[in-house]
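As the structure is a prediction and not an experimental result, all values here were calculated from the model.
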Amino acid sequence: MRKILFLITLLVIIVLGLSSCSKDEAVIDVNQLEGVWGLVSESGYYYDEGEKISYNENYNPFEPTSDCEKILIQKIGDNRYKMTAYEYYSGNWHQTDIENFSLDGNDIIPENMEGVDVSVARILEASSDKLVIESSGRDEDGDFYDKYSYQRMAE
């Protein structure tokens with residue numbers, strides 16, 4: 001009887017433990033963050049004059065056109081990273097921005113919040129070849145949501 005109670009208790013613990021972990025709370029392997037990432041798709045919505053506008057765009061950073069973007073993520077300290085953004089135009093990649101950030105779990109915390117209207121920026125996936133980041137917030141026109149998917153590129 002004790003053995004059966006032990007097995008039932010163990011089964012309950014396992015089931016509760018598995019059900020308490022959601023896919024959204026997956027732990028990101030921060031060792032995968034460093035590198036060059038080309039934007040392959042972005043989707044989301046925003047409001048303009050009260051109208052909700054949805055979008056879904058695809059890109060090929062390996063054969064860039066004037067609307068392509070890429071980012072370089074480098075570790076600069078204990079849980080501190082530097083993200084350098086680039087846009088492609090006039091036949092070359094041009095640096096457009098540099099932002100330092102840290103991580104709180106999967107949440108991205110920018111060091112400089114000046115001009116930032118994003119309430120939440122979160123890493124949804126980080127693997128050897130794919131990086132997915134979502135952001136959401138509210139600006140003067142209303143709520144917005146963005147989801148960016150990147151593919152690893154050679155440096």
Is there a donor-acceptor pair closer than 3.5 Å between any side-chain N or O of [X] and the backbone N or O of [Y]?
{"X": "Asp139", "Y": "Gly142", "value": "yes"}
{"X": "Arg152", "Y": "Gln32", "value": "yes"}
{"X": "Thr84", "Y": "Ile98", "value": "no"}
{"X": "Tyr89", "Y": "Asn92", "value": "no"}
{"X": "Glu87", "Y": "Glu69", "value": "no"}

State, yes or no, whether a side-chain contact exists between Ile71 and Val36 at a heavy-atom distance under 4.5 Å.
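Not touching, per the 4.5 Å side-chain cut-off.
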Pairwise side-chain contact, Met153 with Lys70, heavy-atom cut-off 4.5 Å (strictly under)
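The answer is yes; the side chains approach within 4.5 Å.
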Does anything in residues 35-87 pair up under ring pair (Phe, Tyr, Trp, His ring centres under 6.0 Å), and if so which pairs, sequence neighbours excluded?
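Output for this query lists Tyr81-Phe101.
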I need the [X] [atom1] to [Y] [atom2] distance, nearest 0.5 Å.
{"X": "Phe144", "Y": "Lys52", "atom1": "CZ", "atom2": "NZ", "result": "13.5 Å"}
{"X": "Ser102", "Y": "Glu111", "atom1": "OG", "atom2": "CD", "result": "6.5 Å"}
{"X": "Glu51", "Y": "Asp141", "atom1": "CD", "atom2": "CG", "result": "11.5 Å"}

Could you see if [X] belongs to whatever hydrophobic cluster contains [Y]? Use Ile, Leu, Val, Met, Phe, Trp, Tyr and a side-chain cutoff under 4.5 Å.
{"X": "Leu131", "Y": "Val40", "value": "no"}
{"X": "Leu103", "Y": "Tyr148", "value": "yes"}
{"X": "Ile123", "Y": "Met83", "value": "yes"}

Do NZ/NE/NH1/NH2 and the carboxylate oxygens of Glu99 and Lys82 come within less than 4.0 Å?
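A salt bridge is absent here (no side-chain N lies under 4.0 Å from a carboxylate O).
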I would like to know whether Lys75 and Glu34 meet salt bridge (charged side-chain N to carboxylate O under 4.0 Å, His left out); could you show each step before the answer?
CA-CA 7 Å; Lys75 187 169 186 168; Glu34 290 189 275; over 6 Å; no
Side-chain donor-acceptor pair under 3.5 Å between Asp129 and Ser127, yes or no?
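Side-chain D/A pair, Asp129 to Ser127: present.
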Decide side chain to side chain contact (heavy atoms under 4.5 Å, CB included) for Ile133 and Leu124; before the verdict, give the C-alpha distance in whole Å, the side-chain angles of both, and the deciding distance to 0.1 Å.
CA-CA 6 Å; Ile133 299 173; Leu124 298 179; over 6 Å; no
Glu49, CD: over 12 other non-hydrogen atoms inside 6.0 angstrom
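Not buried by this count: 12 neighbours or fewer within 6.0 Å.
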Test side chain to side chain contact (heavy atoms under 4.5 Å, CB included) applied to Ser149 and Asn58, Leu39, Val132, the passing residue
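Answer after filtering Asn58, Leu39, Val132: Val132.
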Among Asn106, Asp104, Asp107, whose side-chain hydrogen bond (donor to acceptor under 3.5 Å, both in side chains) with Arg122 holds?
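Of all the options given, the one that passes is Asp107.
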Closest approach of Ser136 to Tyr145 (non-hydrogen atoms, all atoms of both residues):
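Looking at all heavy atoms of both residues, the shortest contact is CB-CD1, 4.1 Å.
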